Visitor: 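Below: one structure in structure tokens.
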Amino acid sequence: MSGHSSARFRPDIEGMRAIAILLVLLYHAGVPGFGGGFIGVDVFFVLSGYLITRSLLEEVGRSGTIHLREFYARRARRLLPAALLVLIVTAGAVWLVLPFTAWREFGGDIAAASLYFINWRLAARSVDYLAEGVSATPVQHYWSLAVEEQFYLIWPFLMLVAAWLHRRKGWSLARTTTIVLGGVVLVPSLAWSVSYTAASPAEAFFVTTTRLWELAIGAFVAAAGVRLAPNTRLSAAVRSAGLIGIVATAVLVAERVAWPSYWALLPTVATAAVIAAGAETSGSDKVAGLLQSQPMQRIGAWSYSIYLWHWPPLAILAATGVELDPAMAMLVTVVACVPAVLSYRLLENPVRFAKPLVSSPGLSLSLGANLTLCGALAGVLLVMAIPRTAGPDTSDASAVGSTQPLGAEVLREDVTDAFLLEQLRAVSRMIPSPAEAVDDIPPTHADGCHLGFRDEEPKLCPYGAESDITVALVGDSKANQYTPALISIAERNGWQLRVGTKSACTFSLVMTSREGEPYSECLTWSERLVEVLADDPPDLVLVSQVRSQALTDDSGTETTEALVEGMDRAYRPLVDAGSTVVMLLDNPHPGMQVYECVAEHLDDLEACTFAREDRLHSGGRDAQLLAAERYGYPTIETLDYICPTPTCFPVIGEVLVYRQGSHLTATYVESMAGVLEERIEPFLRGASES
């Protein structure tokens, strides 16, 4: 998507840029039939690898070496002015349009995009369960620019090695470069891409190591000098086949296909074929005529600017809750092309070709460094702009346990909607602040005790005291959310709490799914956890879950019946070993991000209430109740301390109830310690007396 200057301009490549950006635009707009339009980025990678390698080879041919200062100065002039402008405009738009609860995450993204490591940030977020509910960032598209720039930190130095071998050993420069390219970059990266995509497709999509081979394919075409004879039927046929292959991939490949892996060979090899076909054409070559037509040349020239500008408005609108149909999304994209063309003409080209900068690599590099820092500063300022005392006073969580009842403690007496509504209207402080809600999480995350998606080996972390009385808390994040209260209870009563939880993983001996694929790591973890707990049975095993269904077979069909049977298969060996298994019933799912709603309605918190009955059966509760009815497993109800009336309230006792999704804030859970202790104690009475 980035541009390159060269003495040998190739209009066919400019046309290929146009094809690539059009595919990306159609995909992001959700136009039916282009579910694989994201492969436009793969096309860009190949084109960039080809152009940059050809440019470096030409420089080595002229001077015998590569002048790194000039190389990076050209990159700075070409890429950074427009990239910085979009980042600053995006930061301003986020500040103006989105609630302050989004500023920390998006501000960090803007800073990461400016420093060209946002792809790694997005990869980490893709497997972070705490990122639940985080909207697509307005600068998510910068991930591919980060991949390219990281490639450019490596490739010129490898080219220098090839140039040195060329001078010292007399080896052919093209041959040496090709060997270095294949041995160090292309083959290892492709192999890793296949392996890592199979293991963790969400991460593999973004990380540099799975994408280097795509740029290397373009570099290979340049280094090996792959060219077909011009003006021949063969070159025309190859060019046509390549373009058809690219478009066919965009149309036929579904978004759910794990990418890049070997699938990305389809658009990348097709792009390499178009490059190898050459720029020389005959008048009868319709494909070449299309690529070199005036409209395609214009779009290709603007492609970098269009790529930068088109995505932020789509992402910001989505973050506000606006749902755009493909026609409206395409309209937004077309409108975004206006600032793209203006920035191309008024900023990019003037800076790129400014004589003082062209003649002074040092000045260009200084400009680039300052622009990078300005972009990072825009992100930092967005984070710093978060109101520290927005609306009600946001005291810290240590206030829980003070003499004034907070959180669930105010529910010790019978309450009504009117009572809670009166309290809601009189909120003078709020713990935690909506801006801090996503960080108000159980200590198990910092302790490394809540396992990630790929972990298979159980880990039981001890809390409380060394004791003969032990309680295990197992399940997914809905079980883990109760650890703040349970740790307090364990410490107060002198028994040991052992926490073993895993992201999105229901404790059951049946295959469940995650993102439409079998969640095999969860089943393996559950099987091993059953063995661990049965070998050293706790007195009490507390279980909770968000899931209500499991897979019945390889067809992808899921039923509550299958999950309940799997739950019994997991619980039964523990009961046989002497443990009591008790289910903590799942809490209502709000159907919105409560903390974001609160941030937007600090003066009208009633706008963030929701009907209990509408949201009560959207989680794991129904499966738990069926297991209780069918197999006799006891339950502990928490509904009367989370949503005690037909209306569920966002703030109870001046404590924010929900963080992301349906998860409770750690502060509110801790305020429930008293009632949970009362409801757990009968199940432990026999153990304490023995």
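Remember, it's a predicted structure, so these values are computed and weren't measured experimentally.
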Visitor: Tell me every residue that passes side-chain hydrogen bond (donor to acceptor under 3.5 Å, both in side chains) with W309, counting only those two or more places apart in sequence or in another chain.
Guide: S343

Visitor: Go through the structure and list residues passing side-chain hydrogen bond (donor to acceptor under 3.5 Å, both in side chains) with T53, not counting sequence neighbours.
Guide: W155

Visitor: Just jot down the side-chain contact (heavy atoms from CB on, under 4.5 Å) partners of V60, sequence neighbours excluded, or say none.
Guide: I66, A163, L173

Visitor: Which residue pairs pass the side-chain hydrogen bond (donor to acceptor under 3.5 Å, both in side chains) test when at least one of the two sits in residues 182-192, sequence neighbours left out?
Guide: W192-T209

Visitor: Pair up each side-chain donor or acceptor in residues 321-338 with any protein partner under 3.5 Å, not counting sequence neighbours, and list the distances.
Guide:
from : atom 1 : to   : atom 2 : distance (Å)
D325 : OD1    : A327 : N      : 3.2
D325 : OD1    : M328 : N      : 2.7
T333 : OG1    : A329 : O      : 2.9

Visitor: Salt bridge or not between R104 and E436? Use side-chain N to carboxylate O under 4.0 Å.
Guide: yes

Visitor: Quick one: salt bridge (charged side-chain N to carboxylate O under 4.0 Å, His left out) pairs with a partner in residues 31-49, sequence neighbours left out?
Guide: D42-R211

Visitor: Is the shortest side-chain heavy-atom distance between V185 and W213 below 4.5 Å?
Guide: no

Visitor: Using side-chain heavy atoms (C-beta onward) and a distance below 4.5 Å, is V24 in contact with H310?
Guide: yes

Visitor: With heavy-atom distances below 4.5 Å as the criterion, would you say the side chains of H28 and Q140 are in contact?
Guide: no

Visitor: Which residues satisfy the ring-ring contact (aromatic ring centres under 6.0 Å, His included) test with F206, sequence neighbours excluded?
Guide: W143

Visitor: Go through the structure and list residues passing salt bridge (Lys or Arg N to Asp or Glu O under 4.0 Å) with E521, not counting sequence neighbours.
Guide: none

Visitor: Would you please name every residue forming a ring-ring contact (aromatic ring centres under 6.0 Å, His included) with Y27, sequence neighbours left out?
Guide: F38

Visitor: Heavy atoms, side chains only, cut-off 4.5 Å: are I39 and W263 in contact?
Guide: no

Visitor: So does D109 pair up with R121, basic N to acidic O under 4.0 Å?
Guide: yes

Visitor: So Y142 and L122, do their side chains get closer than 4.5 Å, heavy atoms only?
Guide: no

Visitor: Output all residues satisfying side-chain hydrogen bond (donor to acceptor under 3.5 Å, both in side chains) with N349, sequence neighbours left out; order by chain, then residue number.
Guide: Y344

Visitor: Between S126 and A123, is there a donor-acceptor pair closer than 3.5 Å when you use the side chain of the first and the backbone of the second?
Guide: yes

Visitor: List the residues meeting ring-ring contact (aromatic ring centres under 6.0 Å, His included) with W120, not counting sequence neighbours, and say none if there are none.
Guide: none

Visitor: Under 3.5 Å, side-chain donor or acceptor atoms of residues 266-278 against the rest of the protein: list the pairs with distances, not counting sequence neighbours.
Guide:
from : atom 1 : to   : atom 2 : distance (Å)
T268 : OG1    : A264 : O      : 2.6
T268 : OG1    : L265 : O      : 3.3
T271 : OG1    : P267 : O      : 2.7

Visitor: Is there side-chain contact between P156 and Y72, with heavy atoms separated by less than 4.5 Å?
Guide: yes

Visitor: Is it true that R17 and E14 have a side-chain N and a carboxylate O under 4.0 angstrom from each other?
Guide: yes

Visitor: Examine distances only and state if a side-chain atom of Q292 and a backbone atom of G15 form a donor-acceptor pair shorter than 3.5 Å.
Guide: no

Visitor: Would the distance check show the side chain of Y50 and the main-chain N or O of V221 forming a donor-acceptor pair, the cut-off being under 3.5 Å?
Guide: no

